[in-house]
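Let me begin by presenting the structure, written as structure tokens, before commenting on it.
Positions are given from 1, in the same order as the sequence printed here. Keep in mind the model is a prediction, meaning the values are calculated, not measured.
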Amino acid sequence: MGNGKSIAGDQRAVPTQGTHVWYRTFMTEYPSGLQTLHEFKTLLGLQGLNQKANKHVDQVYNTFDTNKDGFIDFLEFIAAVNLIVQEKMEQKLKWYFKLYDVDGNGSIDKNELLDMFVAVQALNGQQTLSPEEFTNLVFRKIDINNDGELTLEEFINGIAKDQDLLEIVYKSFDLSNVLRVICNGKQPDMEIDSSKSPDKAGLGKVKMKS
């Protein structure tokens, strides 16, 4: 993960003066400077999952591992934090699109979306809609040209305009919960505002204390 390319569009939302605090925390937890998949799952309490749920978490980890070396280094870690910290919905939806586009061909087909939400259901428990119902609903609402595939533009524009779909997508992997776990009292300059719903707060808005 050492190329330093931000998954949030090369934006650096974490203030420069706070980066050293994150670095100290990261190196204390991972003296080698690298976080493994097992350590990622341990950090988030995601052990003992079934095969489908494990596959989902593995895909999440892979989206953060931008240089695909099998580890998360500090630059990749801070890029992930930046993604969560910034409030821009479009950047978050780009990340979710990357998460769902398993084969990386630049579009999401019905099988990819179906497999993803089967895994989400295995991870999060029973949902209001079955994976099949959700997949059909998404394509019916936002597959503008009815070609059976969602482009990045279709995905972002369609999901952003539909609060119900937006909330379901956000819940497929709660990024704000990741940051809560990472912080856990170790980053005194930041706190999560969990008083707002995901659709209004972007999965838990992060505020800088004055």
Side-chain angles (χ1 to χ4, degrees), residues 1-49 53-106 112 116 119-120 123 152 169-170 172-192 202-209:
M1 205 180 178
N3 61 4
K5 182 180 180 181
S6 170
I7 52 178
D10 287 325
Q11 299 186 35
R12 290 291 182 268
V14 176
T16 303
Q17 64 268 27
T19 302
H20 74 280
V21 179
W22 285 109
Y23 181 77
R24 187 168 63 245
T25 299
F26 186 83
M27 294 305 295
T28 298
E29 293 295 324
Y30 313 107
S32 69
L34 300 171
Q35 183 193 61
T36 66
L37 174 59
H38 175 75
E39 289 168 332
F40 177 77
K41 291 179 178 179
T42 299
L43 173 68
L44 300 179
L46 298 174
Q47 302 113 320
L49 304 176
N54 255 322
K55 182 179 179 181
H56 180 51
V57 177
D58 291 353
Q59 177 69 3
V60 170
Y61 182 86
N62 288 336
T63 64
F64 291 144
D65 177 18
T66 55
N67 72 347
K68 307 306 176 189
D69 65 353
F71 301 96
I72 293 178
D73 64 20
F74 177 70
L75 291 177
E76 291 170 321
F77 170 81
I78 205 69
V81 171
N82 283 332
L83 171 68
I84 303 168
V85 168
Q86 62 182 321
E87 301 175 21
K88 294 182 178 179
M89 181 191 301
E90 181 177 351
Q91 297 301 332
K92 288 185 172 69
L93 289 178
K94 283 182 179 179
W95 181 83
Y96 281 102
F97 181 87
K98 184 178 179 181
L99 177 64
Y100 300 160
D101 180 18
V102 178
D103 63 10
N105 71 345
E112 284 178 317
M116 181 58 61
V120 168
L123 182 64
L152 176 61
V169 166
Y170 277 169
S172 68
F173 196 82
D174 189 347
L175 290 170
S176 64
N177 185 57
V178 174
L179 189 58
R180 289 190 189 94
V181 174
I182 292 173
C183 291
N184 194 25
K186 297 174 184 176
Q187 170 58 299
D189 296 327
M190 305 181 75
E191 67 179 4
I192 305 294
L203 281 181
K205 185 183 296 182
V206 177
K207 302 188 299 183
M208 301 303 298
K209 290 183 178 178

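- Between Asp58 and Lys41 the shortest side-chain heavy-atom distance falls below 4.5 Å.
- For the pair Gln59 (side chain) and Leu99 (backbone), a donor-acceptor distance under 3.5 Å is present.
- Here the CG atom belonging to Leu83 is positioned 11.5 Å from the NZ atom belonging to Lys94, to the nearest 0.5 angstrom.
- The line from CE of Met27 to CG of Leu34 is 8.5 Å long, rounded to the nearest 0.5 Å.
- Using cut-offs of 30° and 60° for the angle between ring planes, the Phe40 and Phe64 rings count as perpendicular.
- Side-chain contact between Trp95 and Val60: present, with at least one pair of heavy atoms (C-beta onward) separated by less than 4.5 Å.
- The distance from atom CZ of Phe26 to atom CD1 of Ile72, rounded to the nearest 0.5 Å, is 7.5 Å.
- Here the OG1-CD distance, from Thr25 to Glu29, works out to 7.5 Å after rounding to the nearest 0.5 Å.
- Residues Asn54 and Leu49 come closest through the heavy atom pair ND2-O, 3.2 Å.
- Under a 3.5 Å cut-off, the side chain of Tyr96 and the backbone N or O of Tyr170 do form a donor-acceptor pair.
- Here the side chain of Gln35 pairs no donor or acceptor atom with the backbone of Tyr30 at under 3.5 angstrom.
- Atom OG1 of Thr63 is separated from atom CG of Asp65 by 9.0 Å, given to the nearest 0.5 angstrom.
- Within 6.0 Å of atom NZ in Lys55, 12 or fewer heavy atoms from other residues, nucleotides or ligands are found, so the atom counts as exposed in its surroundings.
- Going from atom NZ of Lys92 over to atom NZ of Lys88 covers 11.0 Å, rounded to the nearest 0.5 Å.
- You'll find the side chain of Phe74 reaches within 4.5 Å of the side chain of Phe77, heavy atoms only.
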